[in-house]
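Values in this document were obtained by computation on a predicted structure and should not be read as measured data. Every chain is numbered from 1, with letters handed out A, B, ... down the list of sequences.
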2 protein chains.
Amino acid sequence: MASASLQEAVSVLKSTNVRMTPQRHAILEFLHSSMSHPTADDIYKSLEERFPNMSVATVYNNLRVFKDAGIVKELTYGDSSSRFDCITSDHYHVICNDCGKIVDFHYPGLDEVETLAEHVTGFEIEDHRLEIYGTCPACTKMSKQ
Amino acid sequence: MASASLQEAVSVLKSTNVRMTPQRHAILEFLHSSMSHPTADDIYKSLEERFPNMSVATVYNNLRVFKDAGIVKELTYGDSSSRFDCITSDHYHVICNDCGKIVDFHYPGLDEVETLAEHVTGFEIEDHRLEIYGTCPACTKMSKQ
DNA sequence: AGAATAGATTATAAGAATTACAAACAAAGA
DNA sequence: TCTTTGTTTGTAATTCTTATAATCTATTCT
């Protein structure tokens, strides 16, 4: 399920008769290289040079394909546009309320939460999502000046 | 910070020169009475009878006022429109991937997560958000038939 | 190889949620 | 009462995302 490398992601796709196109490869590549959890538009803009004719629809289409294949995750915060992230390992995000900066945060799984939720609610739990909000060091410094 | 009752919410607002209007009262009332985490449009529609002239903009404006005052929380899931929730106590949400049903789930605070995140990232942590996803009993039953 | 088929991309239009803005309104204070 | 501040309303504008149809590309089958 977790696809650590770009190659893994590609082979996951191959196994579900999804063709590997240059655009798809570029989007995946960008997602893997980027540490910044980009929006669809970020991706579109950053590939504009290499693919002058690429449509925004292609970005959205493929992000959905990747999501369905389980190699990419969609993150919805308050700020209107979704952000996308390769699924690599179990980590959470710490988000700055001021500047929006996102920092990865590793934390031993919250499996017990899922187990408990299953017992209490009767749901079949599949996943969970945890985010932590605060002020990043830079913004804290700024506000104290 | 936590406003358990409608009255508390009202007095929090009074203390920050925010006027209490009939529309605002109705929105708060609805949020408190509703267990369903409504969207802005849900709120708008449900108050249509009592306030035939109310504008959608009013709903959005006031939800933001409430958010800024810290008595209402915005929840963004994948599905385009935000949902709103009174801040009452520390509980989390279990969400059905099939039908979207949301069930409250009480869980002893994840304070340690915040503490750890503070140490690791240098952020000043203020808040966190946890959601749990799965399939509710009804949908599970359906899919097994 | 050539034809048929399935899948992908592109461009554009449409849709939905949210925000911006200006005008009209209401309340509080001097 | 007059002024000021804050609120609502209605509408237009913006933004993100999806739908659609046409074109293009790759794969498969004969």
Side-chain angles (χ1 to χ4, degrees), chain A residues 9-10 12-30 37-69 71-85 100, chain B residues 9-10 12-30 37-69 71-85 100:
Chain A
V10 172
V12 167
L13 288 176
K14 277 219 172 114
S15 71
T16 59
N17 60 340
V18 170
R19 291 181 192 159
M20 186 48 51
T21 67
Q23 292 92 332
R24 283 184 178 159
H25 197 89
I27 294 172
L28 279 179
E29 213 171 22
F30 181 76
H37 316 288
T39 64
D41 199 58
D42 291 339
I43 299 171
Y44 175 65
K45 288 224 169 66
S46 74
L47 298 180
E48 218 164 27
E49 264 186 64
R50 276 172 68 194
F51 299 88
N53 298 328
M54 187 170 66
S55 160
V56 206
T58 302
V59 176
Y60 279 102
N61 285 342
N62 290 328
L63 286 171
R64 181 165 32 184
V65 169
F66 299 157
K67 246 174 59 187
D68 292 348
I71 61 177
V72 160
K73 178 167 53 171
E74 182 174 358
L75 311 166
T76 59
Y77 305 116
D79 60 344
S80 69
S81 46
S82 291
R83 292 158 172 283
F84 297 87
D85 204 10
Chain B
V10 172
V12 166
L13 287 178
K14 277 219 172 115
S15 71
T16 60
N17 59 343
V18 170
R19 292 180 191 158
M20 186 50 50
T21 66
Q23 291 92 333
R24 283 185 179 158
H25 197 87
I27 295 172
L28 279 179
E29 212 170 24
F30 181 74
H37 316 289
T39 64
D41 200 56
D42 291 340
I43 299 171
Y44 175 64
K45 288 223 170 65
S46 74
L47 299 181
E48 218 164 25
E49 263 186 65
R50 275 173 68 196
F51 298 88
N53 297 329
M54 188 170 64
S55 161
V56 205
T58 300
V59 176
Y60 279 102
N61 286 343
N62 289 329
L63 285 171
R64 183 165 30 184
V65 169
F66 299 157
K67 246 174 59 188
D68 292 347
I71 60 178
V72 159
K73 180 166 53 171
E74 182 175 0
L75 310 166
T76 60
Y77 306 114
D79 60 343
S80 71
S81 47
S82 292
R83 291 159 172 283
F84 296 86
D85 205 10

Taking CD from B:E74 and P from C:dA17, how many angstroms apart are they, rounded to a whole number? 14 Å
What is the distance, rounded to the nearest whole Å, between atom CG of B:N61 and atom C1' of C:dC25? 15 Å
Nearest-nucleotide wise, let me know which of B:Y60 and A:R19 is further upstream toward the 5' end of DNA chain C. A:R19
Within the 4.0 Å heavy-atom criterion, would you say A:D41 contacts the bases, only the backbone, or no part of the nucleic acid? nothing
Rounded distance (Å) that lies between atom P of C:dG7 and atom CD of A:Q23: 18 Å
Verdict with supporting geometry, B:L28 and B:L13, side chain to side chain contact (heavy atoms under 4.5 Å, CB included): CA-CA 11 Å; B:L28 279 179; B:L13 287 178; 3.9 Å; yes
When you check the phosphate oxygens OP1 and OP2 of D:dT15, does a side-chain N or O of A:S81 lie under 4.0 Å from one of them? no
Assess the side chains of B:S82 and B:E74: does a donor N or O sit below 3.5 Å from an acceptor N or O? yes
For D:dT8 and B:T21 - does any side-chain N or O of the residue sit under 4.0 Å from the phosphate oxygens OP1/OP2? yes
Base, sugar-phosphate alone, or nothing: which one does A:S82 contact when heavy atoms must sit under 4.0 Å apart? sugar-phosphate
Please determine if B:D68 and B:R64 form a salt bridge, counting it only when a charged side-chain N lies under 4.0 Å from a carboxylate O. no
Would you say B:R24's side chain and B:N62's backbone share a donor-acceptor pair under 3.5 angstrom? no
What I want to check is whether the side chains of B:N61 and B:T58 have a donor and an acceptor closer together than 3.5 Å. no
Side chain of A:A57 only, please: which of C:dA8, C:dT10, D:dT11 is the nearest? C:dT10
Measure OH/B:Y44 against P/C:dT19 and give the value in whole Å, please. 16 Å
Grab the CG-C1' distance between A:N17 and D:dT27 for me, whole Å please. 11 Å
Rounded interatomic separation in angstrom, taking CZ from A:R83 and C1' from D:dT17: 16 Å
A:V56 vs B:A40, nearer the 5' end of DNA chain C by closest nucleotide: A:V56
Mind checking B:T58 for me? I need base, sugar-phosphate or nothing, with any heavy atom below 4.0 Å counting as a touch. base
Between NZ of A:K45 and P of D:dC16 the distance, given in whole Å, is 8 Å
note: B:N53, atom CG; C:dA24, atom P; distance rounded to Å ~ 16 Å
